[in-house]
Amino acid sequence: MSHRLSDRINNLPVSQTLEMAATARELKSQGIDIISLSLGEPDFNTPDYIKEAAKKAIDENYSSYTPVNGYLELREAIGRKFKRDNNLEYNPDQIVVSTGAKQSLANVAMVLLNPGDEAILPAPFWVSYGAIINLCEAIPIKIASGIEQGFKITPRQLEEAITPKTKLIFFNSPNNPSGAVYSKEELRALADVLVKHPGIYVISDEIYEHIIYEGTAFSMAAFDDMYEQTITVNGLSKSFAMTGWRLGYIGAPEWIAKACTKMQGQITSGTNCIAQRAAITALDEPISRIKYMVDEYRERRNLVLGYLQQIPGFIVENAPGAFYFFPDISYYFGKTLQGKRIENATDFSLYLLEEANVATVTGDAFGAPNCIRLSYATSKELLVEAIGRIKKALVS
Ligand code: PMP
Ligand code: GLU
């Protein structure tokens, strides 16, 4: 029988971060000593106080369907979090809890984008943004920002990318994959462009807000004149080491929150009840309780930066947030290493996988074809070993 899949799925690319992680896992299971720097996933366990809250929820028999937009107690806790961390006022009707920030992003895109609308993607951008835009049959408009501009777009570039068809912009600071963080002043300069176009909405993906080593993260919606145009997206995966719990959320103008609830009500319903109860504790406890993870990431970042700077042909930025480095490795394009011709970042990443047994992700996945992404959410020992292997594969 022939397979008759829809054009929608046939045209959807596989998530390259997840694919590389799966390849690394597969090679490992074959006995090959792979070090994976491919996945953006904390290597910490979920903190005990959060796990305790989940166990209590099970014992208290939380087991039924939840309200589609999330328990009221959780939405209230998220409201307190927005006030405490972001100086943002969102009432519970403006908040929707979803099965990961990925679903939050997809909800927002699906309720705002019509086929043919344009969605601006400042590159480098996280892999799934482009795929989500394509699923909505909208058109991604990429704005390039290389390492020479700190992987940040300028107000002028933004202005030039806007057309009468622009509906949405995907914004992410601290950024995956570059680790770049926009300052309040830089955000204000972009906001000055956006307020002139009140029909354009901004998704502000702030999932790495606490994983920051220099400066502080600032929320786009905290500018009064951007509040009605902004959807603030966040989630527990990164800051609380809860990737598998699948909990994300938005704060948004109420009409957008309502639309997302309607969308989710037909696709997944409310998020898992135990994860939601645990999330109330995670968000209500002081942020100082997760500082030990950020401190460890900071040490790793400093360590890795020092090593990467010693690799010939790597141009690397001091990434102030998230847990990625995104070196420009275009020096190697057109060169032949160990008999293998490197034409682009994908070739380079595959070369590292084969010759150094280190898994990275090609910058092509993030709209930045000169770079590769390395995640340092793994132990210092493995990081040192991995970078040593990379260096050896490149200089010998
Ligand atoms: N946004 C960014 C920038 C990410 O890196 C990720 C990766 N996990 C997500 C959103 C989605 O996170 P989750 O679905 O695990 O909440
Ligand atoms: N966001 C993480 C990453 O970029 C997890 C993988 C994914 O969901 O794509 O690696």
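Read the numbers this way: they start at 1 and go in the same order the structure lists the ligands and their atoms. For the single chain, residues carry numbers from 1 onward in sequence order.
- Looking from atom 12 (O) of ligand 1 to the surrounding protein, the closest heavy atom is Ile207 CD1, 3.5 Å.
- Under a 4.0 Å N-O distance rule, the pair Asp347/Arg341 does not qualify as a salt bridge.
- Distances between N or O atoms of Gly40 and those of ligand 2 include at least one value under 3.5 Å.
- The closest protein non-hydrogen atom to atom 1 (N) of ligand 1 is Asp205 OD2, 2.6 Å.
- Arg188 forms a cation-pi arrangement with Phe223, by the criterion of a distance under 6.0 Å to the ring centre and an angle within 45° of the ring axis.
- Interface atoms of ligand 1 facing Asn172, defined by a heavy-atom separation under 4.0 Å, are 3 (C).
- Closest heavy-atom approach to atom 1 (N) of ligand 2 among the candidates Met20, Glu41, Lys238: Lys238.
- Among Phe323, Phe125, Trp126, Tyr129, the residue whose heavy atom lies nearest to atom 11 (C) of ligand 1 is Trp126.
- For Phe240 and Tyr49, the distance between ring centers is not under 6.0 angstrom.
- In this pair, Tyr376 and Phe325 present their aromatic rings tilted. The plane angle is within the 30 to 60° band.
- Counting heavy atoms under 4.0 Å from ligand 1, residue Gln103 does not touch it at all.
- Taking a cut-off of under 4.0 Å to the non-hydrogen atoms of Asn176, the atoms of ligand 1 that pass are 3 (C), 4 (C), 5 (O).
- The closest approach between any non-hydrogen atom of Lys238 and ligand 1 is below 4.0 Å.
- Residue contacts with ligand 1 leave out Thr243, since none of its heavy atoms falls under 4.0 Å from the ligand.
- The proximity of Asn176 to ligand 2, defined as any non-hydrogen pair under 4.0 Å, is limited to the side chain.
- Here is the list of ligand 2 atoms found below 4.0 Å of a heavy atom in Ser15: 9 (O).
- Proximity annotation for atom 7 (C) of ligand 2: of Val127, Thr17, Val361, Ile207, Thr17 comes nearest, heavy atoms only.
- Residue Lys335 places its NZ atom among more than 12 non-hydrogen atoms of other residues, nucleotides or ligands, all under 6.0 Å distant.
- Ring geometry, Tyr249 versus Phe82: the interplanar angle exceeds 60°, so the pair is classed perpendicular (tilted spans 30 to 60°).
- If you look at Phe218 and Tyr182, their ring centroids are not closer than 6.0 Å.
- Both cation-pi conditions hold for Arg277 and Tyr71: the charged atom is under 6.0 angstrom from the six-membered ring centre and inside a 45 degree cone around its axis.
- In this structure, the side chain of Gln266 does not engage the main chain of Met263 through any donor-acceptor pair within 3.5 Å.
- Looking at Leu105, Leu12, Asn107 one by one, the single match for side chain to side chain contact (heavy atoms under 4.5 Å, CB included) with Ile132 turns out to be Leu105.
- Some N or O of Ser237 is nearer than 3.5 Å to an N or O of ligand 1, by distance alone.
- Ring centroid separation for the pair Phe348 and Tyr331 does not come in under the 6.0 Å cut-off.
- Each of the atoms 14 (O), 16 (O) of ligand 1 lies under 4.0 Å from some heavy atom of Gly100.
- Where the criterion is an N or O separation shorter than 3.5 Å, residue side chain and backbone included, Tyr208 meets it with respect to ligand 1.
- If you number the atoms of ligand 2 from 1 as listed, the ones under 4.0 Å from a heavy atom of Lys102 come out as 7 (C), 8 (O), 9 (O).
- Within the listing of ligand 1, atoms 13 (P), 14 (O), 15 (O) sit less than 4.0 angstrom from a heavy atom of Arg246.
- In this structure, the ring of Phe366 has its center no less than 6.0 angstrom from the ring center of Phe125.
- Of the heavy atoms in Ala101, both backbone and side-chain atoms come closer than 4.0 Å to ligand 1.
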